[in-house]
2 protein chains.
Amino acid sequence: MSSALPRPVARLIDAFARLPGIGPKTASRLAFHLLRMPDDHALQLSEALRALKESVVHCQRCYNIAETSPCEVCADPSRDSGTVCVVEEPLDVIALERTGEYKGLYHVLHGAISPVDGIGPTDLRIDELVRRMGVEPIREIILATNPSLEGDATAMFIERALRANGSEVRLTRLARGLPVGGDIEYADEVTLGRAMTGRSEVR
Amino acid sequence: MSSALPRPVARLIDAFARLPGIGPKTASRLAFHLLRMPDDHALQLSEALRALKESVVHCQRCYNIAETSPCEVCADPSRDSGTVCVVEEPLDVIALERTGEYKGLYHVLHGAISPVDGIGPTDLRIDELVRRMGVEPIREIILATNPSLEGDATAMFIERALRANGSEVRLTRLARGLPVGGDIEYADEVTLGRAMTGRSEVR
C-alpha cells in the first residue's frame with residue numbers, strides 16, 4: 001500500500017489478512033474500525049490473543065484444549081470413564097457437549113488422515129488412544145470422526161490399530177441418517193441410502 | 001458456549017465477534033485457526049493491535065492518521081501547499097495517493113454530516129479547516145467527499161462555512177461521470193445524467 005498508510009496500520013492489516021477467509025479489503029476495514037473505536041476494544045483483542053497461547057494447554061489424557069490438565073471433563077468423577085468418544089477437533093467436543101446426551105470421556109485426534117494434505121496417522125493422537133486402552137477401564141470407543149472420506153478412513157485406521165493390538169473393546173460409530181428437521185425430498189442419495197439401511201423398529 | 005470451551009478461547013471468540021462483519025461462527029473459526037497455528041501469528045496480531053493505539057496519531061495539520069505529526073505528506077516540501085483536498089476518511093487519502101495524480105495536501109474530516117447517525121458538523125474537522133484557511137496560503141480547496149447524500153451535504157456545509165468567513169478561495173469538486181471501463185447500458189440514470197451535463201470538448 002501507499003506510504004500514506006502508517007506502518008502500524010499496515011502491519012495490522014497484514015496480520016488480519018493472513019487469517020483464513022479475510023482478504024485485504026476486509027482486513028483494512030477491520031483495522032480502520034479498530035482505529036475509530038475506543039482504545040479498549042483493540043487492547044482487549046490484543047490481550048485475548050496473547051492469553052490464547054499462554055493459558056491454553058492440551059489435556060494430557062484426552063488432548064482436548066483446556067486451561068488445566070487434566071481438563072474439566074477428564075477430572076469430573078461423575079463422567080463415565082468406561083466410554084471414550086473419539087473426535088477430530090475440539091469444536092466437535094463442544095458440539096457433543098451441547099447435546100447433553102453424552103456422559104463419557106473424549107479423545108481429540110486434532111485432525112483426520114488426509115494424504116492430500118500430507119496428514120498421516122502419526123500426525124494424529126492415535127498412538128495416545130492405543131496407550132489409553134492399556135491403562136484405562138474402557139469398555140466402548142465411539143468413533144465420532146466426521147462423516148467424510150477422511151473421517152471414515154481415520155475411523156477405519158483406528159479400528160485396525162485397536163484390533164491389531166488384540167483389543168476386544170466395543171467399537172461404535174455415530175448413526176447416519178436424515179437430519180432432524182430435514183426433508184426427504186432434498187436429502188442426497190447417500191444420506192437417504194444410509195437412512196434406509198439403518199432403519200429402526202417403530203417402538 | 002459450553003464449559004468445554006476454555007475461557008481464554010471464549011474471550012477471544014467474543015472479541016472477534018464484536019468486529020463488524022464477523023459473526024460467532026467466523027469468530028470461533030478464527031480462534032481455532034490461531035490455536036492450531038505456530039505461536040508467532042497470534043502474537044504478531046496481538047502486538048500489531050497494541051501498537052495501533054500506541055503509535056498511530058492524528059497529524060495536527062491535516063488530521064490524517066500518521067506515525068508523526070506533521071504527517072509525511074504535510075512535511076514533504078515538494079507537495080503544493082496551495083491546494084487542499086478535503087476527504088471523509090484516511091482510506092480516501094490512500095485511494096487518491098494511489099492515483100499519483102495529486103500533488104497537494106489533504107484535510108481529513110473523519111466522517112460526513114449524517115443526522116440519522118447523529119453526526120453533525122461539530123463532530124467533523126470542519127472548524128480546523130476554516131482555521132487552516134486563515135494561516136495557510138491556500139488557493140484551492142477540492143471538496144472530495146463521497147458522491148452520496150451525506151458527502152454532498154457535507155461539501156455544501158463546508159462551502160457555506162468558508163464563504164460566510166469571507167473566503168474567496170477556489171472551491172472545486174471531483175468530476176462525476178461514467179467510471180472508466182464502465183458500460184453506458186448499465187450506468188444508473190443519475191450517473192449518466194451527470195456524465196451528460198459534465199460532457200467535455202473532444203480535443
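In what follows, chains are A, B, ... by sequence order, proteins preceding strands, each numbered from 1.
Of all the heavy atoms in B/Phe32 and A/Leu91, the pair that sits closest is CE1-CD2, 3.2 Å. Nearest heavy-atom pair across B/Ala51 and A/Pro8 is O-CB, 4.2 Å.
Counted within 6.0 Å of CZ on A/Arg176, heavy atoms from surrounding residues, nucleotides or ligands total more than 12; the atom is thus considered enclosed. Around atom CE of A/Met156, no more than 12 heavy atoms belonging to other residues, nucleotides or ligands sit under 6.0 Å away.
With a 4.5 angstrom heavy-atom cutoff, A/Glu89 touches chain B only via side-chain atoms. The part of A/Arg29 that comes within reach of chain B is its side chain, from C-beta onward, which places non-hydrogen atoms under 4.5 angstrom from that chain. Residue A/Leu43 touches chain B through its side chain alone, counting heavy-atom pairs closer than 4.5 Å. No part of A/Leu96 comes within reach of chain B, as not one of its non-hydrogen atoms sits under 4.5 angstrom from that chain. Interface remark: A/Tyr106 contributes no atoms to any contact with chain B (heavy atom separation under 4.5 Å).
A donor-acceptor pair is defined here as one N or O able to donate and one able to accept, closer than 3.5 Å; such a pair exists between the side chain of B/Glu67 and the backbone of A/Arg7. Here the side chain of A/Lys53 pairs a donor or acceptor atom with the backbone of B/Leu34 at under 3.5 angstrom.
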Derivation of the side chain to side chain contact (heavy atoms under 4.5 Å, CB included) call for B/Arg18 and A/Gln44: CA-CA 11 Å; B/Arg18 285 171 57 201; A/Gln44 272 170 21; 2.5 Å; yes
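The greatest number of non-hydrogen atom pairs below 4.5 Å with chain A, out of B/Val56, B/Asp14, B/Ile22, B/Leu30, is found for B/Leu30. Contacts with chain A were tallied for B/Arg11, B/Arg50, B/Glu47, B/Arg36; B/Arg50 has the most, counting heavy-atom pairs under 4.5 Å. By number of non-hydrogen pairs under 4.5 angstrom with chain A, the leading residue of B/Cys71, B/Ala15, B/Ser46, B/Ser55 is B/Ser46.
Among residues 125-143 of chain B, no residue has any heavy atom closer than 4.5 Å to a heavy atom of chain A.
Counting heavy atoms from C-beta outward, B/Leu19 and A/Leu45 have side chains that approach closer than 4.5 Å.
If you take CD1 on B/Ile65 and CG on A/Leu35, they are separated by 5.0 Å, rounding to the nearest 0.5 Å.
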